[in-house]
Amino acid sequence: AMLSLSLYALLAPLMRARAVRALSVFVASQSALLFGYALWGGVKELATACLLALAAALVPGTVAEPRGARGLLPLAVSSAAILAVLNVSGAAWLLPTLVVALVAVVRLQRRLGDRGFRPGHVVSFCALALVLSVPSLATAGAFRKANSVLTNPSDLQNLLRPLRAIQIAGVWPSEDFRSPPSAIGLTYLLVLAVVSGAVLGLVWASERRAWGLLLYVAAALTGWLAIAHFGSPWVDAKALATASPALPLAGRAGAAALGAAGRRLGAILLAAAIGGGVLWSNALAYHDVSLAPRARLAELERIGERIRGRGPTLMTEYEPYGDRHFLREADPEGASDLRRRPVPLRTGRLLPKGQSADLDRFELSSLLLYRTLVIRRSPAESRPPAPYRLIRRGKYYEVWQRPVTARPVVLTHLPLGDRVQAGAVPSCAQVRRLARMARSAGAMLVAPQRARSVVGEPARAPHPRGWERHPPLLYATHPGSVHLRVQIRHPGRYGVWLGGSFGRGFDVSLDGRSVGAARFELSNAGQYLRLGEATLGRGAHEVTLRYGDGDLRPGTSARLRPLGPLILSPASRSAIVQYLHSRDAGRLCGTSLDWIEVVRP
């Protein structure tokens, strides 16, 4: 809305009909790439696009009628604001605008003499802008040091690949602007319509001396080209989004030029192509938007309030909103995100950014540095080491805490299980080795029992059309149902867990009875959602996953997301933890355990 106000002013010399002008800026202000960044929660891109258009709209009036220092203040504020948003990198957007303004000042001063913009006005403007930019300039050195990666030509961050330059046209009918449109031929025609209309609009603006529009388009394109030359593909994408309203705006001016020349049909077709292309692109993006898992984040907020001041705290799940915001009062860190201390795995390596890992994969001494552990609930997640006690269990997270001084002292930790099973049966040789260690250290053995889970397997083939199988995961892009078989050996009550990340989601039934639904539960890789519980007898059972049709609501597209595995885990709420003297260690042989530790009280 703020961007559209400046664009409305830029079109004022070209379009007198307010309704037509309003419709034009409505389209241009939501160019597809900028709209996509808005759905991503982008802040700098939207703010810079707004301020760049504002500066371009202010220049013509400021140059023509400076009205002293007070008349220079709006342009000085907008210029300083660009630096406040982007720090020194904002100069790429700001300098073209100010250089053109300076050239206009010189030419106007020669023609009008003392009646126009005088050299003293330039000095006043520079002084005002400098004073307003002091906070930004004071942090310039730290900004460059902290963002040296921004010039790395291989830095993609959350992009899949570098964006295409033609996306600056503001039309990209794809559910995700990082991916090519399915109708690529039609996309090229729409881009051609935007560019052709922009050329017509700029020629018309030049003839009508509408310098604001010319300046805005020039500054947008020049700023993007400069950043694309020096910056990484990730930064280039941001610059493309910032500059993307310029060409649709000029294209709509081109449609108005055709109308003014008496070619009404051509004007209508061109305006419809630009407007339709932008709105079609945004409808697809809106349909595919990732809706935040509000309930899960709200649970993290409640956890943060409870553990305030009880840090340091570790999250082993990749969840940047947790360790950077919701747990901020508990000295939080993420094992693969916000690290102040190294949290190595047992292999000695660090967990790559964006990854999650089971507690048993971490080196024990680095784990015990943290007083509080916030762990995503999962049928495959190991129990924390012996000093930790459960203080909270919610739908999504468990919170474990140890005393300020870790007691008992863990001398060694034997992890068991794998990526799907949290528990396993240790070999008797392993048990005897730990018993000897405990005997020599005057310690004891601790071992939590962990019943093995049941993993669903495909009941029959083939899968429905649009379903792909890459064991143990499934990918669904079309409505349909898939059937999984589970074999229960020990009757009882089981929790039903489904791995994956769900937009439109799935309805899950067990032996024809509904268990639950997984919708709008977006997670990072390797996480599970607990759907419910069911009492099962011994024998085979069938689980049905039904993927329904999408609708007009946001987040209901058929984006390809991994599904699975499906796990039935014994629903016991607390595992039995055995504390054994070394002479009784033989009782652990043949028992499914989470881990075994040698501890000294």
Side-chain angles (χ1 to χ4, degrees), residues 39-43 157-158 289-345 349-362 366-367 369-384 388 390-401 419 422 473 497-503 505 518-531 555 559 561-564:
L39 294 181
W40 264 15
V43 176
Q157 295 286 324
N158 48 6
V289 65
S290 296
L291 298 180
R294 189 180 189 280
R296 180 164 63 83
L297 298 181
E299 185 174 313
L300 276 176
E301 183 180 37
R302 292 190 293 271
I303 291 172
E305 294 170 354
R306 176 166 181 177
I307 65 174
R308 180 185 294 120
R310 301 187 192 179
T313 300
L314 178 67
M315 287 193 76
T316 54
E317 174 200 22
Y318 177 68
E319 180 47 81
Y321 292 110
D323 55 46
R324 294 176 183 269
H325 179 67
F326 291 114
L327 307 182
R328 62 191 179 276
E329 301 295 336
D331 188 15
E333 295 182 43
S336 66
D337 179 45
L338 184 68
R339 282 189 292 240
R340 299 182 184 88
R341 313 165 183 84
V343 192
L345 300 171
R349 298 182 178 181
L350 295 177
L351 193 64
K353 185 175 178 65
Q355 299 295 311
S356 304
D358 178 66
L359 284 173
D360 271 354
R361 292 182 58 197
F362 291 98
S366 65
L367 200 63
L369 291 174
Y370 297 91
R371 183 185 177 192
T372 305
L373 304 176
V374 178
I375 304 168
R376 181 71 180 268
R377 291 189 64 187
S378 163
E381 182 65 55
S382 297
R383 185 191 190 279
Y388 291 92
L390 179 68
I391 65 170
R392 187 186 191 280
R393 174 185 279 127
K395 178 179 179 180
Y396 300 96
Y397 292 97
E398 291 182 346
V399 182
W400 294 74
Q401 204 166 78
R419 291 183 179 274
L473 303 178
W497 299 80
L498 185 61
S501 185
F502 316 105
R519 287 191 178 86
F520 306 119
E521 294 282 0
L522 300 187
S523 298
N524 291 295
Q527 302 305 329
Y528 290 82
L529 179 68
R530 191 173 187 273
L531 300 174
R559 179 192 290 197
R561 289 191 175 99
L563 165 69

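In what follows, residues are counted from 1 in the order of the sequence shown. Below, all heavy atoms of this structure are taken into account, side chains as well, without hydrogens, waters or symmetry copies.
At least one side-chain heavy atom of Val374 sits less than 4.5 Å from a side-chain heavy atom of Leu300. At a threshold of 4.5 Å between non-hydrogen side-chain atoms, the residues Glu319 and Arg296 count as touching. Side-chain contact check for Leu369 versus Pro312: every heavy-atom pair is 4.5 Å or farther apart.
Here Arg340 pairs with Asp331 under the salt bridge (charged side-chain N to carboxylate O under 4.0 Å, His left out) rule; sequence neighbours left out. Checked against side chain to side chain contact (heavy atoms under 4.5 Å, CB included), Arg324 has the following partners two or more places apart in sequence or in another chain: Pro320, Asp337, Leu338, Lys353. The side chain to side chain donor-acceptor pair (under 3.5 Å) check on Ser356 picks up Gln527, with sequence neighbours excluded. Partners of Ile391 by side chain to side chain contact (heavy atoms under 4.5 Å, CB included), not counting sequence neighbours, listed by chain and number: Arg306, Ile307, Arg310, Val399, Gln401. Not a single side chain to side chain donor-acceptor pair (under 3.5 Å) links Asp323 to another residue, sequence neighbours left out. When the side chain to side chain contact (heavy atoms under 4.5 Å, CB included) test is applied to Phe502, the partners found at least two apart in sequence or on another chain are Leu498, Phe506, Ala518, Glu521, Leu529, Leu563. Under the rule for a side chain to side chain contact (heavy atoms under 4.5 Å, CB included), the partners of Pro384 that lie at least two apart in sequence or sit in another chain are Leu359, Leu373, Ile375, Tyr388, Trp400. Looking at residues two or more places apart in sequence or on another chain, you find a side chain to side chain donor-acceptor pair (under 3.5 Å) between Glu317 and Arg376, Tyr397. Remark: Tyr318 engages no residue in a side chain to side chain donor-acceptor pair (under 3.5 Å) (not counting sequence neighbours). With sequence neighbours excluded, no residue satisfies salt bridge (charged side-chain N to carboxylate O under 4.0 Å, His left out) with Arg361. Looking at residues two or more places apart in sequence or on another chain, you find a salt bridge (charged side-chain N to carboxylate O under 4.0 Å, His left out) between Glu299 and Arg392.
In this structure, Arg308 CZ and Leu327 CG are separated by 11.5 Å, a value rounded to the nearest 0.5 Å. How far CD of Glu381 is from OH of Tyr528: 10.5 Å, rounded to the nearest 0.5 Å. For the atom pair Leu522 CG and Leu297 CG, the distance stands at 10.0 Å (nearest 0.5 Å).
Looking at every heavy atom in both residues, Pro342 comes nearest to Ser366 through O-CB, 4.2 Å. Taking each heavy atom of Arg328 and His325 in turn, the nearest pair found is NH1-O, 2.7 Å. When all heavy atoms of Ser382 and Ala422 are compared, the pair lying nearest together is OG-O, 4.2 Å.
When atom types are taken as modelled, the side chain of Arg377 and the backbone of Gly394 share a donor-acceptor pair closer than 3.5 angstrom.
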Determine, step by step, whether Phe520 and Arg294 satisfy the side chain to side chain contact (heavy atoms under 4.5 Å, CB included) criterion, reporting the C-alpha distance in whole Å, the side-chain angles of both residues, the deciding distance to 0.1 Å, and the verdict.
CA-CA 9 Å; Phe520 306 119; Arg294 189 180 189 280; over 6 Å; no

Stepwise side chain to side chain contact (heavy atoms under 4.5 Å, CB included) check, Phe362 with Leu314
CA-CA 12 Å; Phe362 291 98; Leu314 178 67; 5.7 Å; no

With side chain to side chain contact (heavy atoms under 4.5 Å, CB included) as the test, would you mind laying out the steps for Leu351 and Leu345 before giving the verdict?
CA-CA 7 Å; Leu351 193 64; Leu345 300 171; 4.2 Å; yes

